[in-house]
Structures are given as C-alpha cells and as structure tokens.
2 protein chains.
Amino acid sequence: MHMKIGEVADAAGVNVQTLRYYERRGLLKEPPRTPSGYRKYEADAVDRIRFIRQAQDLGFTLNEIDELLELRVDDPGRCPTVEARADEKLAEVRRKIGELERMETVLSGLIASCRSRSPTNDCPILEVLEDSEHTQMEGEHIDGMD
Amino acid sequence: MHMKIGEVADAAGVNVQTLRYYERRGLLKEPPRTPSGYRKYEADAVDRIRFIRQAQDLGFTLNEIDELLELRVDDPGRCPTVEARADEKLAEVRRKIGELERMETVLSGLIASCRSRSPTNDCPILEVLEDSEHTQMEGEHIDGMD
DNA sequence: CTTGACTCTATACCATGGTATAGGGTTTAC
DNA sequence: GTAAACCCTATACCATGGTATAGAGTCAAG
C-alpha cells in the first residue's frame, strides 16, 4: 500500500533528490516513516508531484505552486481569503491562456504562409504582442543620438 | 530615431544588464554602434524583449524562445524545416492551453464552492490532472514495506 | 570645463531549482 | 550471511537567468 521514495519518484518521473527537495521547500508534507526511518508515501503524492511539474511547465514558480496547493476551503472562516487568492490565480491563468492563444494564432498563420510559400523577412512571431494594450509613447522623440 | 540601451530597457521594463545578457545569448542581434561605441537600437527591439519576457512567463526557456524567434520563412528552401518546427511549437502551445484550461475550470469550481461554503478537506487543485491520460499501473502491489 | 548621468567591457556574484557525492544504515534475493 | 540495491542525512556542486560592481570613457547642462 505504501510507496518508498524511489517508487514515487519513478512513478512521477522525477529524481529522488527532487522529492526530498520539495519536502524541504514545504511543497510536500513530511510523510510518516518506517521504524528504520524510510519515508512512506501514499499514492496521491505522485499526483501532487505531477501537478508541480505541470505547473512549472506553465511558468509558475515553486512559491506560486505552493500557493496554488494551499487553495482549499477546509475552514469556512478562511473562505474570503481563499476566494480572493483563487480569483487572482484565475486571472493569471486566463491571462496566460490569452497569450498562448495569440501564439497559437500566429503559429498557425506562419504554417499557412509556409505552405503557400510566401516568404516574409520579418519575424512573424512578434505579432503575438500585436493586440496587447501597451499604450506606447510612439511619437516620443529622442535626440542627441549619433 | 535610435534608442540608447537605457531607453530600450526602460520601455521594455527590464534591466540594462539583461539586454546585454540577451545579446550575448544571441536572443538580440548585435545592434549598430555610435562612433563612440554606444549601442543604437530600433524601436522594434522593445517588442522583441517584451515577447521574450512574455514567453518566459509562459514557461518557455530562453533556448526555446530563441527557436520561436527563428521561425520565419525568409528563404523558401527552409520552408519544410520551419513548418515542422512551427508544428511542434504549435502542439506545445496547445498542450499548455489545455492544461491551463483545466486549471481555470478547477479554480472556478473552487471559487464557486467557496461561495456556497461547502468545505473540502482535500486539495481541489489536484483535480487538474484528472483528465490527463496517465494509464497508471493502479493495481500494482508493493509489498515488504513496514 | 566640469559635474552628473549615462555608456562601455569584464568579472563577480546571486536566486531558483535542482543534482551529485560522501559516509552510513537497511532490505531483498541469492 | 552477504552482496546489490535501496534508504538516510549532510553538504557540495551545477545550470539557468539574470544582477551588481569595478574601472574607464562619453555626453548634455550649466
């Protein structure tokens, strides 16, 4: 029933050291030990580690991931706090989705233009930023240069 | 017309050192210099830097971002290569979107359950992994533990 | 014509997120 | 009952992505 650290690490596809590192960082709670001091994990530890890796791949830091993993309403009194934090995270997730969707559009366009063999000299991926709202000081004049 | 390094850095919201670092890494091409050796940037450098920061926030490494910035069809002969790479990047982008959408669903659910004051003791964010296709060896028995 | 804010190169340092190694005990399999 | 394969702690090291500092030159304002 219980898993040893090496089994958990293999199942999650990470190094054993990484598990101990996450434990030190507080991302994994300290598991119970056997009488000889071996860590005994439940199977759900594997999911937790997989989530951590996935969230990292999405650009979250370990500190941010820790915050995500703390989001639960075990105590009704903490609800307002939890809700506020979840709202922030949700906004961040939606922002990332939007940015990735712009990338998706641009990459699809690039592939299409590739197939139609219409060369472009500039870097199309930068169009990703096109619809972002930087109200830039376009007209600003800089003098004294060269 | 031309911008000095400090102006570009300010406009993009990064440190001056970061620009020089990106140049060394090959993410920014070496700009022309004034007779005295000052770098002279075009305004589009700012977009490039903004793109780099955005892509980092989405979990891409600087090497991956370099690959994204290389995706262009300036030479029709390179089209097959470019198309293949763009396809890979597109798949990765779509995978990330899918993962973030699962997070979005879970966070929305958490906020809803928060409002309805239904406490849960377990960590709801882990549901993110629910629909992933890990055909796990669920039935595997591990003995000899404790 | 000098002072302050900028630039240059080179080098050193830092934070994050690990990974490896040493030195030792434990468990499993023959 | 012993060797291989695992676990433990502690510590050192590493890669990535910067950031800071030193020492020297440049430029604009007064």
What residues form a side chain to side chain contact (heavy atoms under 4.5 Å, CB included) with [X], not counting sequence neighbours?
X: Asp66(B); value: Leu27(B), Glu70(B)
X: Val106(B); value: Ile125(B), Glu127(B), Val128(B)
X: Glu67(B); value: Lys89(B)
X: Tyr21(A); value: Arg24(A), Arg25(A), Leu62(A)

What integer distance in Å separates [X]:[atom1] from [N]:[atom2]?
X: Asn15(A); N: dT21(C); atom1: CG; atom2: C1'; answer: 13 Å
X: Ile5(A); N: dT26(C); atom1: CD1; atom2: C1'; answer: 15 Å
X: Tyr41(B); N: dC6(C); atom1: OH; atom2: C1'; answer: 14 Å
X: Lys40(B); N: dC8(C); atom1: NZ; atom2: P; answer: 13 Å
X: Gln56(A); N: dT16(D); atom1: CD; atom2: P; answer: 15 Å
X: Leu28(A); N: dG17(C); atom1: CG; atom2: P; answer: 14 Å
X: Asp66(B); N: dG17(D); atom1: CG; atom2: C1'; answer: 14 Å
X: His2(A); N: dC7(D); atom1: NE2; atom2: C1'; answer: 17 Å

Option passing side chain to side chain contact (heavy atoms under 4.5 Å, CB included) with Ile49(A) (candidates Asp44(A), Leu28(A), Thr18(A)):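 Looking at Asp44(A), Leu28(A), Thr18(A), the match for Ile49(A) under the side chain to side chain contact (heavy atoms under 4.5 Å, CB included) is Leu28(A).
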
Donor-acceptor pair, side chain of Lys96(B) and main chain of Leu100(A), under 3.5 angstrom: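 Not a single qualifying donor-acceptor pair exists.
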
Is any side-chain nitrogen or oxygen of [X] closer than 4.0 Å to OP1 or OP2 of [N]?
X: Arg39(A); N: dT26(C); answer: no
X: Arg33(A); N: dT9(D); answer: yes
X: Ser36(A); N: dT27(C); answer: yes

Residues from residues 16-27 of chain B lying under 4.0 Å of DNA chain D - heavy atoms: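 Heavy-atom contacts with DNA chain D come from Gln17(B), Thr18(B), Tyr21(B), Tyr22(B), Arg25(B).
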
Residues that Ser36(B) engages under side-chain hydrogen bond (donor to acceptor under 3.5 Å, both in side chains), provided they are two or more places apart: Thr34(B)

Closest nucleotide among dG17(C), dG17(D), dG25(D) to the Thr61(B) side chain: dG17(D)

